[in-house]
Enquirer: 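The structure's right below; bear with me while I get my questions together.
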Amino acid sequence: MLQLNAIRENKDAIIEALKKRNLDAASLIATVLDLDEKRRSLQTNLDNTLAESNRLSKEIGALYKTGKAQEANALKEETANLKEVSKQLTDDLNDTATALQNALYQIPNVPHDSVPAGKSEEDNEEVYKEGTVPVLFDGALPHWELAKKYDIIDFELGVKIAGAGFPVYKGKGARLQRALINYFLDKNTAAGYNEIQVPHVVNEASGYGTGQLPDKEGQMYYMPADDLYMIPTAEVPVTNIFRDVILNEKDFPITHTAYTPCFRREAGSYGAHVRGLNRLHQFDKVEIVRVEHPDKSYEALNGMVEHVKDILRELKLPYRILRLCGGDLGFTSALTFDFEVFSTAQDRWLEISSVSNFETFQANRLKLRYKDEEGKSQLAHTLNGSSLALPRVLAGILENYQTEDGIRIPEVLIPYCGFDRID
RNA sequence: GGAGAAAUGGCAGAGUGGUCGAAUGCGGCAGUCUUGAAAACUGUUGAGGGUCACACCUCCGGGGGUUCGAAUCCCUCUUUCUCCGCCA
């Protein structure tokens, strides 16, 4: 959520920047400013009414004490009127505040200066590329065929138990998955991230805090009996640790890493793009989350990008980094870098990580603040990234490391797996 | 799941109708003292709205009610604790 102050002061610049998202926010911003002004004027009226009411109450108390019951009763009649007025003002104020809040919820984050304009993923800007795409033998298979051939992932069995998009990992497939989780967590903790385990469900307030609600509730599985949502990413529970928190400057930086399964309803496209592990309703992911001082957050973002690069380098997977254009940028993000691994057998890039700086957008909803040198509360910056999302990394490994008689295991993973090939 | 108790500032803990945004202690911050630190002493120390700055307003788990007036009384929800039951 954007800050009202920022909107008041930089209205034109914000409208201009939001155009990169192909959004004309002019009328929305005008609505916000109108409602804001109305809210403040109602608040002032209400405050004055309450002040008068408080004054009379004190007077009545004093009159009773000195035995002037008659005069006190006369004053009571006055307060009855004030009470009615304040009730009306309170209702109006609440309505206005709600309308203002709803309008603010509709405005996405302001893209960073470096974000290119653009309509869709076609316009994302490739900023880095590393690794060599292996030349595979004739008859190399996509990962879903490999999964079947070596009996390491069973998609049909998942359909039987739960439904499409809930695969069952078996034998060395399950072990490889677990190896990746441990490897990622080890890499992250070695880089200074504090490992935590968090709930896999969240309440409504948490959904609002990180921006999944109110707009993207269709993305999450919802359990009405308990009013809980299954998490679409560890970002939600981990970042919400800091909801309603006031930090000291010396607390920065705050860094966490967490492994969680992620649940996504996303009714999406069909066909090859969602085959196998390409898109699932449940998948595993290791996440990194940072809370930073505003002056340091872009430095931190670069650090996160370098960290993810390091992991992919060790896995020896060919990958590229994209700077997302305005049209592809997430609602809450100011700047996002996507990592994609090249899937040789599918001849396409697969997104395996998304690293973002949300600046104060989430912090504003979360009320995540810190005390500056003057002791004033300021909003902190939040960031997060995947390091990494498992299924597509797995797909990349299976496809790129396949040989005619088996699948090799990347060297760094062998100690975690306890085997060096799947055959 | 059943029975009872409780929820107050960073923490602990007073406060049972007006003078309470809230005693006191601890912690934090600043100062005095000290070569420096500790101790001691002094002062200061919740959040939000509003204002040029004051004034002023709101908040004592959430919501509603009684009253001229609520941290304090009533209803309700949530959470926590204790006991019993069940259980990985």
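Quick caveat, the model's predicted, so the values are computed rather than measured. Residue numbers begin at 1 in each chain, while the letters A, B, ... track the order of the sequences.
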Enquirer: Please tell me which of Ser53(A) and Asp36(A) maps to the more 5' nucleotide of RNA chain B, matching each residue to the nucleotide holding its nearest heavy atom.
Expert: Asp36(A)
Enquirer: Can you find a side-chain donor-acceptor pair between Gln3(A) and Thr360(A) that sits under 3.5 Å?
Expert: yes
Enquirer: Within this structure, what is the NZ-to-C1' distance between Lys367(A) and C59(B), rounded to whole angstrom?
Expert: 12 Å
Enquirer: Using atom P in both nucleotides, what's the gap between U76(B) and G28(B) to the nearest angstrom?
Expert: 44 Å
Enquirer: Would you verify whether the NZ or CZ of Lys172(A) falls within 45 degrees of the ring axis of Phe419(A) while also being under 6.0 Å from that six-membered ring's centre?
Expert: yes
Enquirer: Grab the CG-C1' distance between Leu50(A) and C68(B) for me, whole Å please.
Expert: 14 Å
Enquirer: For Gln346(A) and Glu399(A), which I'm curious about, is there any donor-acceptor pair between the side chains at under 3.5 Å?
Expert: yes
Enquirer: Looking at residues 96-105 of chain A, who's got a heavy atom less than 4.0 Å off RNA chain B?
Expert: none
Enquirer: Under a 3.5 Å threshold, yes or no: a donor from one side chain and an acceptor from the other, between Tyr222(A) and Asp227(A)?
Expert: yes
Enquirer: Is the distance between the ring centroids of Phe252(A) and Tyr370(A) less than 6.0 Å?
Expert: yes
Enquirer: Suppose you measure atom P in U72(B) against the same atom in A7(B); what distance do you get, rounded to whole Å?
Expert: 12 Å
Enquirer: With heavy atoms under 4.0 Å as the rule, sort Asn54(A) into base, sugar-phosphate or nothing.
Expert: sugar-phosphate
Enquirer: What are the two closest heavy atoms between Asn240(A) and Ala205(A), and how far apart are they?
Expert: OD1-O, 4.1 Å
Enquirer: Starting at atom CG of Asn73(A), determine the distance to atom P of U67(B), rounded to an integer number of angstrom.
Expert: 14 Å
Enquirer: What I want to check is whether the side chains of Glu77(A) and Asn81(A) have a donor and an acceptor closer together than 3.5 Å.
Expert: no
Enquirer: Check for me whether the distance between the ring centres of His381(A) and Tyr298(A) falls short of 6.0 Å.
Expert: no
Enquirer: With sequence neighbours left out, write down each residue that passes side-chain hydrogen bond (donor to acceptor under 3.5 Å, both in side chains) with Arg39(A), or none if nothing qualifies.
Expert: Asp36(A)
Enquirer: In chain order, what residues pass the side-chain contact (heavy atoms from CB on, under 4.5 Å) check against Ser57(A), with sequence neighbours excluded?
Expert: none
Enquirer: Taking 4.0 angstrom as the limit, do Arg408(A) and Asp420(A) come out as a salt bridge?
Expert: no
Enquirer: Rounded to whole angstrom, note down the C1' distance from C52(B) over to U67(B).
Expert: 39 Å
Enquirer: Polar-atom pairs under 3.5 Å, protein N or O versus N or O of nucleotides 77-80 of chain B: list them with distances, or write none.
Expert:
none

Enquirer: Rounding to a whole Å, what distance do you find between Lys376(A):NZ and C29(B):C1'?
Expert: 18 Å
Enquirer: How far does the P atom of G31(B) sit from the matching atom of G36(B), given to the nearest Å?
Expert: 13 Å
Enquirer: Please measure how far the P atom in G17(B) lies from the corresponding atom in C74(B), and state the result in whole Å.
Expert: 12 Å
Enquirer: What residues, two or more places apart in sequence or in another chain, satisfy side-chain contact (heavy atoms from CB on, under 4.5 Å) together with Asn54(A)?
Expert: none
Enquirer: With no hydrogens and no angle check, just 3.5 Å: does a side-chain donor-acceptor pair link Ser114(A) and Arg323(A)?
Expert: yes
Enquirer: With respect to the phosphate group of G69(B), does any side-chain polar atom (N or O) of Lys83(A) fall under 4.0 Å of OP1 or OP2?
Expert: yes
Enquirer: Could you state the atom-to-atom distance from CG of Leu82(A) to P of U67(B) in whole Å?
Expert: 16 Å
Enquirer: Between atom CG in Asn94(A) and atom C1' in G64(B), what is the gap in whole Å?
Expert: 13 Å
Enquirer: For Asp91(A) and G64(B), what is the distance between atoms CG and C1' respectively, to the nearest whole Å?
Expert: 13 Å
Enquirer: Which value, in whole Å, describes the distance between the P atoms of nucleotides U58(B) and G62(B)?
Expert: 15 Å
Enquirer: Determine the Euclidean distance between corresponding C1' atoms of U66(B) and A88(B); express it in Å to zero decimal places.
Expert: 48 Å
Enquirer: Once side-chain contact (heavy atoms from CB on, under 4.5 Å) is applied, do any residues pair with Lys87(A), and if so which ones, sequence neighbours excluded?
Expert: Asp91(A)
Enquirer: As a check on the pairing definition, encode RNA chain B in dot-bracket form, counting Watson-Crick and G-U wobble pairs whose two distances are under 3.5 Å, and using | for partners outside this strand.
Expert: ((((((((.[[[..)..(.....]]]((((((.......))))))((((......)))).[[[[[..)....]]]]])))))))....
Enquirer: Using a cut-off of 4.0 Å between protein heavy atoms and nucleotide atoms, how would you tag nucleotides 43-49 of chain B 5' to 3' with B, S and -?
Expert: ----SSB
Enquirer: Sequence neighbours left out, what passes side-chain contact (heavy atoms from CB on, under 4.5 Å) with Lys376(A)? Give chain and number order.
Expert: Asp372(A), Glu374(A), Gln378(A)
Enquirer: Assuming nearest nucleotide by heavy-atom distance, tell me which of Ala80(A) and Arg55(A) is located more 5' along RNA chain B.
Expert: Arg55(A)
Enquirer: Provide the distance between the two C1' atoms, one in G9(B) and one in G25(B), to the nearest whole Å.
Expert: 14 Å
Enquirer: Atom pairs, N/O to N/O, protein against nucleotides 16-21 of chain B, distance under 3.5 Å?
Expert:
residue, atom, partner, partner atom, Å
G18(B), N2, Ser57(A), O, 2.8

Enquirer: For a quick test of your reading: what N or O donor-acceptor pairs under 3.5 Å do the side chains of residues 101-110 of chain A make, sequence neighbours left out?
Expert:
residue, atom, partner, partner atom, Å
Gln101(A), NE2, Tyr105(A), OH, 3.2
Asn102(A), ND2, Thr98(A), O, 3.4
Gln106(A), NE2, Asn102(A), O, 3.4
Asn109(A), ND2, Thr332(A), O, 2.9
Asn109(A), ND2, Phe358(A), O, 3.2

Enquirer: Kindly state whether the ring of His200(A) and the ring of Phe263(A) have centres lying under 6.0 angstrom apart.
Expert: no
Enquirer: Sorted by first residue and then second, give each salt bridge (Lys or Arg N to Asp or Glu O under 4.0 Å) pair with at least one member in residues 179-206 of chain A; sequence neighbours left out.
Expert: Lys187(A)-Asp310(A), Lys187(A)-Glu314(A)
Enquirer: Check the distance between U67(B)'s P and Glu59(A)'s CD and give it to me in whole angstrom.
Expert: 21 Å
